[in-house]
Structures are given as structure tokens and as C-alpha cells.
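What follows is a single structure, written as C-alpha cells, with notes after it.
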Amino acid sequence: MNPFRYKNGVLHADGVSLADLATEIGTPFYCYSESAISAQYRAYVDAFADQDAVVCYAMKANDNLAILRTFAELGAGADVVSGGELQRALAAGIPPSKIIFSGVGKTEDELALALSTGIMQINVESFAEMEALSRAAVAKGVTAEIAIRINPNVDAKTHDKISTGRKQDKFGIDIELAADAYRKAAELPGLDAAAVAVHIGSQLTSLDPFRAAFSRVAELVGELRAAGHDIRRVDLGGGLGIDYDGAAPPTPAAYAAVIKETVGHLGCRVLLEPGRNLVGNAGILVSRVIYTKDGDDRDFVIVDAAMNDLIRPALYDAYHGIRPVAEPAGGANLQRVDVVGPVCETGDTFTRARDLPPLSAGDLLIFDSAGAYCAVMASTYNARPHVPEILVKEGQFSIVRARQTIEDMLRAENFADWQTAVN
Ligand code: LLP
């Protein structure tokens with residue numbers, strides 16, 4: 001369900017006019033639909049109704065507190081990758097008993113924080129980390145339930161920068177070394193290796209790499225059990241893609257079927273870490289055209305959002321749908337344009353040579369599928385303040401992150417002690 005639809009000639013977000021919102025809030029801003037997030041979460045849970053599965057939202061996709069609160073109210077857990085994310089998840093009321101801590105470089109402080117909050121599982125990614133965690137657990141007098149994240153050497157066939165399960169990628173322990181890793185975990189004090197974890201990448205549009213990776217996990221669980229390890233859970237990571245450009249990725253139900261087929265016979269609890277799939281299509285970025293500029297070679301639409309607000313096109317050559325907020329007249333001629341932001345580098349280009357309805361200065365437009373990995377990846381490059389985030393639900397809206405001001409920015413910095421003040 002796309003919650004951003006035209007009504008009376010104006011794009012609405014779950015009953016709220018984006019034109020009215022833009023007048024009230026100013027542009028640019030992110031807008032998320034709580035109903036769309038809930039619907040997608042329910043689709044996920046329904047798809048796994050006949051399996052013992054726990055959905056732990058990968059909050060790196062969108063860690064706004066109100067989004068986390070939505071998941072807490074739905075009963076979801078969380079997959080966190082830093083002490084900061086752990087504290088945000090707890091602040092939003094996600095129970096520690098449903099929190100997984102992933103990541104390749106957790107510091108001693110982060111491990112200690114995880115142990116003192118009593119989260120469900122810490123996913124260990126190296127022998128060195130395993131030793132550090134054992135020391136921290138012994139010091140605290142607790143036993144840490146861990147998964148060892150294995151690297152199955154499977155190519156997820158997604159963008160190079162978001163592939164994580166190939167041998168050359170920094171993640172996990174090579175599957176060939178898994179037996180040694182579990183032996184070591186059994187020897188070290190303070191650790192209970194309860195699970196096997198895997199995550200091969202993000203924005204997967206085929207089920208085949210999942211099938212390959214999960215089959216390897218199932219085989220490994222058999223071998224580990226035969227060696228006497230009490231493996232009770234498999235953590236299958238996230239990665240299921242979303243529709244950015246009209247090509248529909250597999251549904252949660254088809255994904256659940258692959259999981260049942262590959263690991264269903266193990267009798268393990270299945271932990272899931274979806275991020276993008278739950279929130280990606282539930283958000284947009286709203287922006288206003290500042291100028292248009294017709295060049296000799298190409299025509300530009302210059303908007304007030306930029307790569308600091310939405311970096312995915314610059315970083316991954318990502319495609320985001322672009323639609324005007326005012327519904328284009330039927331049969332309007334399309335114009336081939338580059339849509340660019342004001343930041344001073346050529347990378348600040350949202351799209352090149354896209355055929356769009358006519359756009360003029362002052363017009364509002366949206367970037368679709370901006371609920372995941374957009375606001376969270378924003379920066380203040382070019383001294384551009386963070387933009388607001390709005391949550392809508394059935395005709396209501398709430399500002400869930402205020403627009404940062406220049407004063408906020410300046411307040412966080414100061415001159416060096418030896419410098420003179422500005423009068
Ligand atoms: N679990 C782990 C251990 C992960 O590293 C990730 C994502 C997920 C779960 C969630 O994956 P998802 O279901 O969202 O695909 N910034 C990039 C995506 C980076 C993904 C990083 N890890 C982008 O904008 O495409």
C-alpha cells in the first residue's frame with residue numbers, strides 16, 4: 001500500500017495534505033505514515049504466523065523515537081548496532097528481552113552496557129570480540145547469550161557497498177572457522193552460544209541468495225549440535241528489498257516460505273532483523289523547487305533538499321521516485337530534467353535525465369521510498385540544518401523531530417580557549 005496518494009489534485013499522506021503541511025512546516029521535511037509501517041509489520045508477522053519467529057526491527061533504517069515507539073507499541077523487538085541505538089531503543093520502550101546487538105566493532109563500553117541492560121542476544125563477529133565479551137561478562141558476574149555471526153560466502157547480488165556476506169566483506173567469522181569459534185565460545189567463561197547468525201546484505205530482490213545462506217546455516221546448526229553445542233536460535237538478519245522503481249521484490253510471505261523450507265526442520269526460534277522492508281515505502285522527503293535552469297545540454301530542476309538530507313543517490317546511485325505534490329494534468333507533456341540540490345558538488349544530483357511532469361519555481365515535489373536509510377544518514381554539510389520529521393496517522397500529524405536551527409548548530413561549538421571573542 002502506498003500511503004502517499006492524490007486526493008482532490010493534491011498529494012496526501014494518510015489523509016493529510018502535503019501542500020498544507022509544507023505551508024505549516026516549511027520545506028524540506030520527511031513525512032512518515034504510521035499506518036503504513038503498522039500494515040507492513042503486520043504483513044511480516046502474518047507471514048511468519050506458523051513459525052516461532054521474532055521480528056527485531058533493524059533500527060539503523062530509521063531510528064526516530066516516534067518510529068521506534070510505533071514498533072514498541074506493535075510488540076516488535078530491535079536489532080541495534082551501537083550503544084546509542086541501544087539507548088534509543090530502551091528510551092522508546094522496546095523490552096531488552098527482544099533486543100539483539102549486532103555489529104563488527106562493539107567497544108568494551110558498549111558490551112558492558114549491553115550486559116548491564118540484559119538484552120536477549122549479542123552477535124559476536126570475531127574471536128577477539130568473543131574474548132572481550134567473556135572478560136566483560138566475568139567482571140559483571142553474568143552469562144551473555146550470544147550468536148556467532150558467520151560469513152557464509154554468499155553473494156547477495158545487490159549493490160557492492162551493501163553486500164555483507166562475501167568472503168572479502170568485513171562481517172562475521174568465515175564459515176570454515178565456525179566449528180573453532182563455537183568450541184572457543186564453549187571454553188570461555190561467561191558465554192552461552194545459543195544461536196547462529198547471518199546477514200548477507202540489504203535490498204535483495206531475489207530469494208536465491210537467502211536460500212543459499214540459510215541452507216548453509218541449517219547445515220552448520222546440524223554439525224554444531226552433533227559436536228554438543230546447544231543451538232536454540234537462528235538469526236537470519238534482514239535484507240529483503242523494497243520497490244523503488246516499480247520492480248516488485250519478493251513478498252514477506254515468499255521470504256517466510258524460504259525460511260521454513262531451509263531452517264524449519266531445526267526446531268529453532270527464528271530471529272528476523274528487517275529494516276528497510278518495514279519502513280522504506282512508508283516515508284517520503286518533501287522538497288520545493290527553488291529555480292529551474294535550462295542549459296544547452298540539459299535542463300535542471302534545483303530543489304531545496306540536497307545530498308546532506310538524502311544521500312542515497314550520491315552514495316549508491318540509488319533511484320527514488322519523484323512526484324509533484326500538485327497532481328499533473330492528464331496527458332501533461334513530460335520534460336527530461338536533472339533534479340539537483342543546492343550543495344556545492346556535482347554529486348548532489350538526485351537524478352539525471354528523468355522524464356517528469358513540468359516543474360516550476362515554488363512547486364512542491366516528493367522523493368518516494370525515503371522511510372529507510374534517508375533521515376538517519378543525513379548530515380549538516382554546507383551548514384544545512386537537519387530537516388524536520390513528521391509522523392502522520394489517519395488525518396493527524398505530529399512533528400516528531402523539530403527542524404534544527406543555526407543557533408542549535410552554533411551552540412554545539414566554541415572558539416578555542418586562546419582565541420578572542422567576536423563582539
Ligand atoms: N541486520 C544487520 C546485521 C544489518 O547490518 C542490516 C543492515 C540489517 C539487519 C537490516 O537490513 P535491511 O533489512 O534494512 O536490508 N544504507 C544502505 C543500507 C545499509 C544496510 C546495513 N545493514 C542503503 O541506504 O541502502
Side-chain angles (χ1 to χ4, degrees), residues 37 40-41 43-44 54-63 67 71 76-82 85-86 89 99-106 121-125 129 147-152 156-166 169-173 195-207 209-210 213-214 217 234-245 249-250 252 255 259 270-283 285 307 309-320 350 367-379:
I37 294 170
Q40 191 61 14
Y41 176 77
Y44 232 88
V54 183
V55 176
C56 298
Y57 167 59
M59 61 177 278
K60 63 171 76 67
N62 187 327
D63 66 10
I67 300 291
F71 283 107
D79 169 47
V80 307
V81 291
S82 68
E85 282 197 353
L86 175 53
I99 295 180
I100 303 168
F101 197 162
S102 302
V104 74
K106 301 174 212 75
Q121 177 175 298
I122 301 176
N123 290 1
V124 169
E125 297 212 21
E129 185 190 14
I148 295 176
R149 175 167 173 184
I150 54 119
N151 181 322
K157 300 266 189 308
T158 181
H159 192 282
D160 183 55
K161 287 187 183 155
I162 52 175
S163 287
T164 54
R166 304 162 301 185
D169 300 325
K170 68 178 177 179
F171 298 97
I173 291 179
V196 174
V198 73
H199 171 78
I200 57 173
S202 195
Q203 185 54 19
L204 274 73
T205 52
S206 158
L207 293 173
F210 286 125
F214 301 161
V217 166
V234 288
D235 175 345
L236 303 180
L240 185 60
I242 59 167
D243 175 5
Y244 282 101
D245 57 5
Y255 174 68
I259 290 178
V270 175
L271 306 183
L272 304 160
E273 302 171 355
R276 188 191 316 263
N277 196 269
L278 297 180
V279 293
N281 285 329
L285 174 63
M307 65 187 288
D309 305 306
L310 199 180
I311 201 173
R312 300 192 70 258
L315 199 55
Y316 316 114
D317 296 314
Y319 178 99
H320 285 264
F350 290 110
F367 295 93
D368 262 311
S369 311
Y373 303 114
C374 293
V376 274
M377 294 180 76
S379 75

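Just so you know, ligand 1 is whichever comes first in the structure, and atom 1 is the first atom listed for that ligand. Remember, it's a predicted structure, so these values are computed and weren't measured experimentally.
- Looking at atom 25 (O) of ligand 1, its nearest protein heavy atom turns out to be Arg276 NH2, 2.8 Å.
- Numbered from 1 in the order shown, with element, the atoms of ligand 1 that lie under 4.0 Å from a heavy atom of Gly239 read 11 (O), 12 (P), 13 (O), 15 (O).
- Distances below 4.0 Å separate heavy atoms of Gly238 from the following atoms of ligand 1: 9 (C), 13 (O).
- Here the two rings, on Phe171 and His199, have centers that are 6.0 Å apart or farther.
- Side-chain contact check for Gln40 and Asn277: at least one donor-acceptor pair (N or O, by modelled atom type) lies under 3.5 Å.
- The N/O atoms of Ile162, backbone and side chain alike, include none that comes under 3.5 Å of an N/O atom in ligand 1.
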Note to self: One pair to check against side-chain contact (heavy atoms from CB on, under 4.5 Å): Ile242 and Gln203. What are the steps and the verdict?
What the structure shows: CA-CA 7 Å; Ile242 59 167; Gln203 185 54 19; 3.9 Å; yes
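- For ligand 1, the atoms lying closer than 4.0 Å to a non-hydrogen atom of Met377 are 16 (N).
- Under the 3.5 Å distance criterion, the side-chain polar atoms of Lys157 are left unmatched by any main-chain donor or acceptor of Leu204.
- Taking 4.0 Å as the cut-off, Asp79 counts as a neighbour of ligand 1 on heavy-atom distance.
- Annotation: side chain of Pro249 is in contact with side chain of Asp243 (closest heavy-atom distance under 4.5 Å).
- Distances shorter than 4.0 angstrom do not occur between any heavy atom of Ala61 and any atom of ligand 1.
- When heavy-atom distances to ligand 1 are checked against a 4.0 Å cut-off, Ser202 comes that close through both its backbone and its side chain.
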Margin query: Checking Phe71 against Tyr57 for the ring pair (Phe, Tyr, Trp, His ring centres under 6.0 Å) test, could you report, in this order, the C-alpha distance in whole Å, the side-chain angles of both residues, the deciding distance, and whether it holds?
Written below: CA-CA 8 Å; Phe71 283 107; Tyr57 167 59; 4.0 Å; yes
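- Scanning the protein heavy atoms around atom 1 (N) of ligand 1, the nearest turns out to be Glu273 OE1, 2.6 Å.
- Looking at Lys60 against ligand 1, only its side chain comes within 4.0 Å, counting heavy atoms.
- Within ligand 1, counting atoms from 1 as listed, the ones closer than 4.0 Å to a heavy atom of Ala58 are 8 (C), 9 (C), 10 (C).
- Considering both main-chain and side-chain atoms, Tyr316 comes within under 3.5 Å of ligand 1 through a nitrogen or oxygen pair.
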Next item on the list: Please report the C-alpha distance between Ser202 and Arg276 in whole Å, then the side-chain angles of each, then the deciding distance to 0.1 Å, and finally whether the side-chain hydrogen bond (donor to acceptor under 3.5 Å, both in side chains) criterion is met.
Entry: CA-CA 8 Å; Ser202 195; Arg276 188 191 316 263; 2.7 Å; yes
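- Looking at heavy atoms from C-beta onward, Tyr244 lies in side-chain contact with Ser369 at the 4.5 angstrom threshold.
- When only interatomic distances are considered, the shortest N/O to N/O separation between Tyr373 and ligand 1 falls below 3.5 Å.
- In Leu315, neither the side chain nor the backbone holds a heavy atom less than 4.0 Å from any atom of ligand 1.
- If you look at His199 next to ligand 1, the close heavy atoms, those under 4.0 Å, all belong to the side chain.
- Of all protein heavy atoms, the one closest to atom 24 (O) of ligand 1 is Arg312 NE, 2.6 Å.
- For the pair Arg149 and ligand 1, a heavy-atom separation below 4.0 Å is found.
- Of the polar atoms of Gly275, at least one N or O is found under 3.5 Å from an N or O of ligand 1, judged by distance alone.
- Less than 4.0 angstrom separates some heavy atom of Pro274 from each of these atoms of ligand 1: 13 (O).
- Under the 4.0 Å criterion applied to side-chain N and carboxylate O atoms, Asp160 and Arg166 are assigned as salt-bridge partners.
- A salt bridge links Asp79 with Lys60: the closest approach of a Lys/Arg side-chain nitrogen to an acidic carboxylate oxygen falls below 4.0 angstrom.
- Inter-residue side-chain proximity for Asp235 and Glu273 is flagged as met; some heavy-atom pair is nearer than 4.5 Å.
- A distance-only check finds no donor-acceptor pair linking the side chain of Asp368 to the backbone of His320 [under 3.5 Å].
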